[in-house]
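For clarity, every value in this text was computed on a predicted model and none was experimentally measured.
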2 protein chains.
Amino acid sequence: MATIYDIAEHLGLSPSTVSRALSGRGYCKEETRRKILQAASELDYAPDHSAKMLKTGVSSKILFAVPDICNPFYFDMIQGINSVLEPSGYLLILVDTKNSLTEELRAIQLLREKYADGMIMVSFHFCEENIEAINRLNAPVVLTNKYESASGQDRFNYVYVDTHAGIREATEHFISQGLKRIAYVGGPASEQTGYERYCGYRDALLESGLSEPENYVQEGDFTENSGYMAGTRLLSDSSELPEAIVAANDLMAMGILRACEQKGLSVPKDIALSGMDNLSICERISPKLTSVELCAEEIGGRAAELLLKQMKNDPSRIANVRLQPRLVVRESSRSSVLNV
Amino acid sequence: MATIYDIAEHLGLSPSTVSRALSGRGYCKEETRRKILQAASELDYAPDHSAKMLKTGVSSKILFAVPDICNPFYFDMIQGINSVLEPSGYLLILVDTKNSLTEELRAIQLLREKYADGMIMVSFHFCEENIEAINRLNAPVVLTNKYESASGQDRFNYVYVDTHAGIREATEHFISQGLKRIAYVGGPASEQTGYERYCGYRDALLESGLSEPENYVQEGDFTENSGYMAGTRLLSDSSELPEAIVAANDLMAMGILRACEQKGLSVPKDIALSGMDNLSICERISPKLTSVELCAEEIGGRAAELLLKQMKNDPSRIANVRLQPRLVVRESSRSSVLNV
DNA sequence: TTGAAAGCGCTAACAT
DNA sequence: ATGTTAGCGCTTTCAA
């Protein structure tokens, strides 16, 4: 592949003139410029991205790190991210951290090595170790969880959806229907994301004076299959069936649905069900799934906007973004008996 | 950020020794090595990826270009691609070409500028212009359509699913049920992908001596919404309703389903329906959608394998891959009346 | 308006 | 086992 030196030599010019002509920065006579453009095309010239990067320190790429590449939620986020970043000339590098701290640290390391100019990171569990690594970074990072270190000196921003409120709303939705035996299938309670959502469920019960029945809280890992298994456990004791199940995300709700089908239980007639994420699939499955909308696309878009601002070193104080969830009630939680 | 020079100076060594110690290539006394590693960590050293790239010519990234980032089919492909590429240390850059030739050429240009070491490209319509651009490339490319230039000197490989056979099988499935008025909703017939699939429908009809009723072939663009509109057109003349509709992909089939619902028509009782891609959602919607399985994940995996081979310059003759589709019959095409 | 030259951070051939 | 040096391809300051 030809370089600017080849072009320069070909025309008896200097590389710097060629560089100026090609980049459009700096003086260059129109005629010279024309000749250079022509020679570039003749010699099949293409600028070398790595050389440019080395010199300018700009990679024009951003990293998007997700805990589970199989979850459609993140693809909705990608739409939002891409719609903001692509017009600004950024490319998206997709990294699957497999919900592993080691892999998250690896993604952070990629940023240290300047694979990208910035990163949007989704994690179920930000902890001292990865937060510290992020704070040490020079490159901007946007998270999708609320997180504030004790020091208050965090070097990242976040776009945050109040999932606690979302799960609480879903739980209250069942309570207001007069349902009492409300079960919950969450993510790992040991992780931030899982714990927050669980608290939404617990607080809703507490506030209405309901008790949290034993064995009514099951843990999954946000995958469809873990939802199926948790659902199966919940339904195993047919003498104590829950009247409703709140799931911490749609994928698990779908697994629970499958478990219900298998046990011959009808949703919502026998058991009411709600999910969270409001994936487009909620609208299409049968019964249509009641879900807490988190606006994946908007999260992605807002995160990308924050990142852009940080990368441009926008002086305007960058605020974290808090989004409110919204319960979308569909068939799976409208008991025909109760007719709510 | 510290460089190997900083480390070298810090220890009174030369940069090359540091480089050798860090990369593990070339001689280095164990003790020196230890000291270097320690200094690297103290100085918070991280290798600069662009410098490495410039020197070695290797980017450790591959491009995945898709015509529509909203189609879940490609996310299934990503699973397959990532599962193969990630263990080999490659990162994935996602590019949305929006089914536009210009954008496709842009993706190709990215490769010329060495943004990545190779590319997997999905396009509905390979034509002389983009194929030529690909052939001019030095970097390896794998396509997901069958394509052979007249010259026979193509510099790419492809993973190919015989969609013609797939659509034909779906059409025959309806014919074998005794259905006669079979409509088709395809992609743009002016594009390779759309035309191939249409021919599968046409040939199935021809072979069984059925005529292709007027206005029974509608065009969409593979999105859900275009399917809805095509479906609406097909169902507008209630005196001539089709008995079955073959859709060229699942997203459009889903749109058609929506159109049927809106017209108060039941699937499969009033109209049978089939899609293509066999997205996981087919299993979950109601009625469960009959679909031609294309094995997105396998396509991705095989494409990634071919690409790896080409990048390693594997001497073993690289063969193109042809995958056979498989019709998965579900509720949407099992007419309860016919009881097939 | 153009050119010369240095340098971005790394690797690797060669010399010591 | 370690050091010297050149160079990957580009940008940019400074000089002409």
Side-chain angles (χ1 to χ4, degrees), chain A residues 1-37 39-40 43-61 89 109-117 138-139, chain B residues 1-37 39-40 43-61 89 109-117 138-139:
Chain A
M1 188 85 71
T3 71
I4 52 170
Y5 285 87
D6 299 324
I7 298 178
E9 197 176 345
H10 186 76
L11 296 172
L13 290 167
S14 80
S16 45
T17 305
V18 176
S19 172
R20 262 177 269 131
L22 258 26
S23 72
R25 278 183 295 274
Y27 297 102
C28 182
K29 216 204 303 183
E30 191 44 46
E31 196 198 330
T32 316
R33 180 195 182 66
R34 226 183 10 74
K35 274 197 264 181
I36 290 176
L37 257 35
L43 297 178
D44 198 31
Y45 168 82
D48 184 294
H49 180 241
S50 43
K52 238 177 185 151
M53 249 169 97
L54 177 59
K55 183 66 192 176
T56 63
V58 174
S59 78
S60 306
K61 285 172 298 251
Q109 175 67 12
L110 289 176
L111 217 48
R112 293 200 341 122
E113 300 186 7
K114 306 228 195 73
Y115 272 80
D117 301 330
N138 290 306
Chain B
M1 186 85 71
T3 71
I4 52 170
Y5 284 88
D6 299 323
I7 298 178
E9 198 176 342
H10 186 76
L11 296 172
L13 290 167
S14 80
S16 47
T17 305
V18 177
S19 171
R20 264 178 265 131
L22 258 26
S23 72
R25 279 184 294 274
Y27 298 101
C28 182
K29 216 204 300 182
E30 193 42 47
E31 196 198 329
T32 316
R33 180 194 183 66
R34 227 182 9 76
K35 274 196 264 181
I36 291 176
L37 256 35
L43 297 177
D44 199 32
Y45 169 82
D48 185 292
H49 181 240
S50 42
K52 235 176 188 153
M53 248 170 98
L54 177 58
K55 182 65 192 177
T56 63
V58 174
S59 79
S60 307
K61 283 171 298 248
Q109 175 67 12
L110 289 176
L111 218 48
R112 292 202 339 125
E113 300 186 6
K114 305 227 196 74
Y115 273 79
D117 301 329
N138 289 307

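Near DNA chain D, meaning a heavy atom under 4.0 Å from it, residues 43-60 of chain B has L54(B), K55(B) in order of number. The stretch residues 24-34 of chain B touches DNA chain D through Y27(B), C28(B), K29(B), T32(B), each having a heavy atom under 4.0 angstrom from the strand.
First and last contacts of DNA chain D with chain A, using any nucleotide atom under 4.0 Å from a protein heavy atom and ordered 5' to 3', fall at dG9(D) to dT12(D).
Taking the side chain as every heavy atom from C-beta outward, V18(B) and L11(B) never approach each other to under 4.5 Å. The closest side-chain heavy-atom distance from S59(B) to K114(B) is not below 4.5 Å. Residues R25(A) and R20(A) fail the side-chain proximity criterion, which asks for heavy atoms closer than 4.5 Å. Under the 4.5 Å side-chain criterion, counting only non-hydrogen atoms from C-beta, M53(B) is not in contact with D48(B). Residues K61(B) and K61(A) are in side-chain contact: their nearest non-hydrogen atoms beyond the backbone lie under 4.5 Å apart.
The distance from the OG1 atom of T17(A) to the CG atom of L22(A) is 11.5 Å, given to the nearest 0.5 Å. Here L43(A) contributes atom CG and T3(A) contributes atom OG1; the two are 9.5 Å apart, rounded to the nearest 0.5 Å. Here the OG-OH distance, from S60(B) to Y115(A), works out to 4.5 Å after rounding to the nearest 0.5 Å. Atom CZ of R112(B) and atom CG of L110(B) lie 11.0 Å apart (nearest 0.5 Å). With rounding to the nearest 0.5 Å, the separation of CG in N138(B) from CG in D44(A) is 8.5 Å.
Side-chain contact of S16(A) with S19(A): a donor-acceptor pair under 3.5 Å is absent, judged by distance alone.
No donor-acceptor pair closer than 3.5 Å links the side chain of D117(B) to the backbone N or O of V58(B).
For CD of E9(B), the number of neighbouring non-hydrogen atoms (other residues, nucleotides, ligands) closer than 6.0 Å is 12 at most.
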Would you give me the side-chain donor-acceptor pairs under 3.5 Å for residues 27-36 of chain B, sequence neighbours excluded?
residue : atom : partner : partner atom : Å
R33(B)  : NH1  : A21(B)  : O            : 3.0

Report the C-alpha separation of Y45(A) and I7(A) in whole Å, then their side-chain angles, then the decisive distance to 0.1 Å, and conclude whether the side-chain contact (heavy atoms from CB on, under 4.5 Å) test is met. CA-CA 8 Å; Y45(A) 168 82; I7(A) 298 178; 3.7 Å; yes
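Within 4.0 Å (heavy atoms only), T3(B) reaches sugar-phosphate atoms of the nucleic acid but no base atom.
Within the helix from dT1(C)-dA16(D) to dT16(C)-dA1(D), the inter-axis angle between the opening and closing five-pair segments is 40°, rounded to 10°.
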Distances for protein N or O near nucleotides 3-5 of chain C N or O, under 3.5 Å:
residue : atom : partner : partner atom : Å
dG3(C)  : OP2  : S14(A)  : N            : 2.9
dG3(C)  : OP2  : S14(A)  : OG           : 3.3
dG3(C)  : OP2  : T17(A)  : OG1          : 2.7
dG3(C)  : N7   : S16(A)  : OG           : 3.4
dG3(C)  : N7   : R20(A)  : NH2          : 2.7
dG3(C)  : O6   : R20(A)  : NH2          : 3.2
dA4(C)  : N6   : S16(A)  : OG           : 3.2

